Amino acid sequence: MNCISVKNVSYKYPYTEGFALKELNYEFEKGKCYGIIGANGSGKTTFCNLLRGMIPHFFEGELTGDVFIEETDVRNWDSNLLSTKIGYIFQNPFTQISGIKETVFEEIALGLENLGMEKEALIDRVIEVVKLLKLEQLIKKNPNNLSGGQKQRVAFASIIAMNNDIIVIDEPTSQLDPESTAEIFSIINLLRNQGKTIFLVEHKVDLIAEYSDEVIVLKDGQITLSGSTQEVLSNMDLLQMGVMLPQASMLSYDMQKANKQLDSIAITKSQVIEQIKQRVGV
Amino acid sequence: MDYEFINSFKKPQVQNNWFLDLNPLSKLNIILILAIIPIVVKRWEVSVVIILFYFLIAAASSRLKQFSKVYVRLALLIGSLLFIMRAMFIPGEDVLMKIGFLTITQEGVDHGLQFATLVVAICGALVLYSVATQARDLMLVLEKKGVPHTATYVILSSLQSIIDLGNMSKLIMESQKARGIETEGKVTNRIKSFFPILGPLFLGAISNSEEKAIAMDARAFYAPGKNTHLRELRPVSLSEKSVLILINLVFVGFIVWRVVG
Ligand SMILES: Nc1ncnc2c1ncn2[C@@H]1O[C@H](COP(=O)(O)OP(=O)(O)O)[C@@H](O)[C@H]1O
Ligand SMILES: [Mg+2]
């Protein structure tokens with residue numbers, strides 16, 4: 001089943017000249033993880049806003065074409081309901097903390113309070129999420145005093161607690177160190193295994209290669225390349241679109257050049273290892 | 001996992017202190033009365049008694065240290081300033097002394113004493129309330145009374161952003177110092193090093209506010225229907241209600257007696 005479909009969509013922010021999104025078409029299926037990549041300013045965040053219905057409900061401007069979220073035209077959705085339906089996590093860990101709760105436990109509960117969940121069920125749900133994300137050590141801490149990585153994990157927990165089927169994640173690790181990045185991606189993996197539909201904007205293509213089912217490449221507001229992760233991330237044209245290839249793909253191409261090519265272009269480290277193992281026969 | 005902490009949310013939040021555990025609005029009521037009495041009576045002796053009473057309440061709610069820390073300094077500063085201003089400039093018959101062109105009169109001193117103690121007493125009410133009540137408790141009660149949670153959110157997050165701004169400016173000052181800019185010592189140095197940080201500080205705060213709105217939207221802040229509360233306060237007991245009504249009656253009686261009498 002399609003969970004979101006985008007048909008001939010163009011969008012222009014108010015008071016701007018050019019279109020930030022141009023003639024987009026895509027069918028997004030339930031339960032898949034979509035990687036969205038592209039250079040800075042290519043329209044990734046704008047695309048996220050479109051998928052969440054923030055365009056046209058929060059951002060005015062000119063929207064043409066149609067977006068259907070679960071078969072309903074985005075224009076006909078109650079925007080307040082939509083924001084409870086589609087989770088959203090973004091770059092800045094600091095602005096995602098509410099600033100009105102004194103403990104992490106209460107911070108995670110905030111979304112559920114807003115949804116009007118009864119206390120007993122609410123507490124059980126928060127405990128569940130704390131265990132899932134291994135935040136036990138943080139629950140009594142003041143969320144305002146956490147490190148960036150910890151704040152981002154709490155932001156994830158707060159959104160996951162609300163149990164949305166669709167989650168939009170916009171560059172979640174661009175301000176984090178490698179260790180926190182790994183923690184965040186293990187959370188994203190959990191969500192994948194729970195069958196959530198995930199939209200993931202991420203610059204680190206190696207991580208996109210690991211975690212997404214399909215990849216969409218944006219350039220100047222247009223989809224210039226899309227399809228299965230394997231297809232897209234092994235395509236040399238990416239370099240013209242301001243995107244790096246995964247290290248594994250680069251290595252595969254280098255080996256090709258050296259006349260030692262692998263059976264196919266690998267996109268993840270484990271694929272490379274597998275192919276080399278086969279070649280040397282271990 | 002600390003289940004004792006988690007289970008504390010299942011019961012009303014209490015601090016096991018009779019004054020602190022009063023409903024935030026009951027506390028407000030009592031403290032307002034204390035602040036109004038010196039305004040009505042207009043005698044410095046009464047103000048002083050009220051001020052002493054604040055200390056008593058602060059001690060009884062084991063907040064004496066926090067209260068004194070803020071209040072003593074504030075009271076001395078505001079009190080002496082107001083007293084001196086009034087004492088020097090209010091004209092009168094009964095001259096106490098002359099210093100240059102200044103004439104200090106008994107009337108001036110009396111007036112200064114009365115006015116300074118009055119303002120200090122009113123400030124005390126504010127300080128006492130702020131150390132004896134958590135802002136989030138007051139907001140919780142107000143929300144239950146029908147104040148929209150957008151309003152309580154704005155108030156609570158503004159309080160937090162004051163703290164954030166403080167931390168942020170400390171951080172910027174430290175990096176200024178690391179770059180060799182003088183941030184300490186003479187007042188002029190401090191001011192000179194402080195102004196350049198105001199720009200980034202406030203621009204940052206403004207540009208964050210749209211993101212913050214989006215983040216809160218993602219947390220179902222505008223979800224239709226009534227929200228619930230993880231924390232709950234003790235319901236107002238019958239005895240608390242009756243005592244409060246009694247206090248208010250006595251107070252109204254007192255006012256009427258003052259006005260008529
Ligand atoms: N709120 C806005 N108002 C006007 N223009 C915007 C706004 N947000 C983004 N843009 C413009 O839209 C284009 C795409 O931006 P964005 O979606 O943020 O790109 P990305 O997330 O890929 O870096 C850019 O040219 C940017 O300047
Ligand atoms: Mg972006």
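All values reported here derive from a predicted model rather than from experimental measurement. The chains referred to below are lettered A, B, ... by the order of the sequence lines, with proteins before strands, and numbering in each begins at 1.
- For A/Leu122, the part lying near chain B is the side chain, with the backbone staying farther off; criterion is any non-hydrogen pair under 4.5 Å.
- Under the 4.5 Å side-chain criterion, counting only non-hydrogen atoms from C-beta, A/Ile187 is in contact with A/Ile160.
- With a 4.5 angstrom heavy-atom cutoff, B/Phe5 touches chain A only via side-chain atoms.
- Contacts of B/Lys212 with chain A are made by both backbone and side-chain atoms, with heavy-atom separations under 4.5 Å.
- Here CG of A/Leu110 is found 6.0 Å from CE of B/Met216. Values are rounded to the nearest 0.5 Å.
- Between chain B and the options A/Leu81, A/Asn92, A/Leu135, A/Leu82, the largest number of non-hydrogen pairs under 4.5 Å is found for A/Asn92.
- In this structure, chain B has heavy atoms under 4.5 Å from both the backbone and the side chain of A/Ile127.
- Note: A/Tyr26 and A/Phe28 meet the aromatic proximity criterion, with ring centroids under 6.0 Å apart.
- Looking at A/Leu112, only its backbone comes within 4.5 Å of chain B, counting heavy atoms on both sides.
- A/Lys204 and A/Thr173 are linked by a side-chain donor-acceptor pair at a separation below 3.5 angstrom, with hydrogens and angles left out of the test.
- Only the backbone of A/Phe94 has a heavy atom closer than 4.5 Å to any heavy atom of chain B.
- Among the candidates A/Gln96, A/Glu106, A/Met117, the residue making the largest number of heavy-atom pairs closer than 4.5 Å to chain B is A/Glu106.
- Centroid-to-centroid, the aromatic rings of A/Tyr11 and A/Phe59 stay 6.0 Å apart or farther.
- Looking at B/Tyr3, the atoms closer than 4.5 Å to chain A (heavy atoms on both sides) all sit in the side chain, from C-beta outward.
- When each of B/Ile6, B/Asp2, B/Ile163 is checked for heavy-atom pairs under 4.5 Å with chain A, B/Ile6 comes out on top.
- Rounding to the nearest 0.5 angstrom, the gap separating the CD atom in A/Glu70 from the CD1 atom in A/Ile4 is 8.0 Å.
- Enclosure of atom NZ in B/Lys144 by more than 12 non-hydrogen atoms of other residues, nucleotides or ligands within 6.0 angstrom is indicated.
- Looking only at atom types and distance, the side chain of A/Lys196 has a donor-acceptor partner in the side chain of A/Asn163 under 3.5 Å away.
- Looking only at heavy-atom pairs under 4.5 Å with chain B, the residue among A/Ile86, A/Asn144, A/Thr84 that has the most is A/Asn144.
- The parts of A/Lys140 that come within reach of chain B are both its backbone and its side chain, each placing non-hydrogen atoms under 4.5 angstrom from that chain.
- For the set B/Arg136, B/Glu232, B/Arg231, the count of heavy-atom pairs under 4.5 angstrom toward chain A peaks at B/Arg136.
- Both the backbone and the side chain of A/Tyr88 have a heavy atom closer than 4.5 Å to some heavy atom of chain B.
- Contacts between A/Ser79 and chain B at a heavy-atom distance below 4.5 Å are absent for every atom of the residue.
- Contact count versus chain A (heavy atoms, under 4.5 Å) is highest, among B/Gln134, B/Lys10, B/Gln160, for B/Gln160.
- Aromatic rings of A/Phe19 and A/Tyr13 (six-membered ring for Trp) have centroids beyond the 6.0 Å cut-off, not under it.
- The part of A/Glu120 that comes within reach of chain B is its side chain, from C-beta onward, which places non-hydrogen atoms under 4.5 angstrom from that chain.
- Going from atom CG of B/Leu244 over to atom CZ of B/Phe251 covers 12.5 Å, rounded to the nearest 0.5 Å.
- Atom CD of A/Glu60 has 12 or fewer neighbouring heavy atoms from other residues, nucleotides or ligands inside a 6.0 Å radius.
- Counting heavy-atom pairs closer than 4.5 Å to chain B, the top residue among A/Lys85, A/Met162, A/Glu102 is A/Glu102.
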